[in-house]
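For this chain, numbers begin at 1 and follow the sequence in order.
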Amino acid sequence: MAERAHTDAPHHDETSYVAIWGVLCALLGVSILGPMVGVRLLTLITAFGIAIVKAYMVCRYFMHLNIEKKWVAYILGFMLAIMLVFFGGVAPDVLRPEGLRWQKTYVEPATAGGER
C-alpha cells in the first residue's frame, strides 16, 4: 500500500538545497555591498531586483510552489495585484508632506552633503 501512495504523488526533482542556500547567501552579499558603490539609483534597482529573485527562489524551492496546482499560483498573483492596487491607492496621500486636515510633523534630518 505504501508503494502505491508514492506512485500517485507528484514527482519531486532532486534539488540541491545547499546550492540554493549558497546562491541566496551570494545575493545577500551583493545586496549588502551594493550601497557601498554610492550610486543611489543602481542601489535601489539592484536591491529590489535581488529581493524579488530571492523571494521567487524561496517560494519555488522551499515552499514547493512549482509542484502545486495551477490555481495556487493564480491566488498568489491575485494577492500581489491587490497589494499593488492598495499601495497605489494610499501612496499619493501617505507620501505627501501635508494633507486636507493633517500635516506631517516629522522632519527628516538633513545630511552633511545637503542631499536627501
Side-chain angles (χ1 to χ4, degrees):
M1 179 95 172
E3 292 176 14
R4 181 175 178 190
H6 289 292
T7 59
D8 294 340
H11 177 67
H12 291 274
D13 293 332
E14 290 296 321
T15 305
S16 175
Y17 291 109
V18 176
I20 296 168
W21 175 77
V23 170
L24 290 172
C25 286
L27 290 173
L28 173 67
V30 170
S31 64
I32 289 172
L33 295 174
M36 293 180 188
V37 173
V39 180
R40 190 174 193 172
L41 182 63
L42 179 68
T43 300
L44 287 174
I45 290 171
T46 56
F48 284 109
I50 288 173
I52 290 170
V53 169
K54 285 170 42 177
Y56 170 76
M57 290 180 71
V58 168
C59 289
R60 178 174 175 144
Y61 295 110
F62 294 109
M63 295 173 62
H64 305 289
L65 288 183
N66 59 338
I67 60 171
E68 288 292 333
K69 296 185 183 334
K70 287 285 185 192
W71 57 269
V72 173
Y74 295 142
I75 290 174
L76 182 65
F78 180 72
M79 287 187 297
L80 288 173
I82 293 294
M83 189 173 65
L84 288 173
V85 167
F86 175 75
F87 177 77
V90 299
D93 291 333
V94 174
L95 298 177
R96 296 177 82 197
E98 56 191 38
L100 184 60
R101 294 190 191 108
W102 64 277
Q103 185 175 6
K104 186 188 231 182
T105 57
Y106 174 73
V107 178
E108 295 181 17
T111 59
E115 183 179 318
R116 287 186 68 167

Please list, one pair per line, the donor and acceptor atoms closer than 3.5 Å that link side chains of residues 72-89 to other protein atoms, with sequence neighbours excluded.
none

Using distance only, find each side-chain donor-acceptor pair of residues 41-56 under 3.5 Å and give its atom names and separation, not counting sequence neighbours.
| from | atom 1 | to | atom 2 | distance (Å) |
| --- | --- | --- | --- | --- |
| Thr43 | OG1 | Val39 | O | 2.7 |
| Thr46 | OG1 | Leu42 | O | 2.8 |
| Thr46 | OG1 | Thr43 | O | 3.1 |
| Tyr56 | OH | Arg60 | NH1 | 3.1 |

Only distances under 3.5 Å count here; give the side-chain donor-acceptor pairs of residues 24-33 to other protein atoms, sequence neighbours excluded, each with its distance to 0.1 Å.
| from | atom 1 | to | atom 2 | distance (Å) |
| --- | --- | --- | --- | --- |
| Ser31 | OG | Leu27 | O | 3.3 |
| Ser31 | OG | Leu28 | O | 2.8 |

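Annotation for Tyr17 and Phe62: closest pair CD2-CE2, 3.3 Å, computed over non-hydrogen atoms.
Taking Ile, Leu, Val, Met, Phe, Trp and Tyr as hydrophobic and joining them when side-chain heavy atoms fall under 4.5 Å apart, one finds Trp21 isolated, its cluster having no other members.
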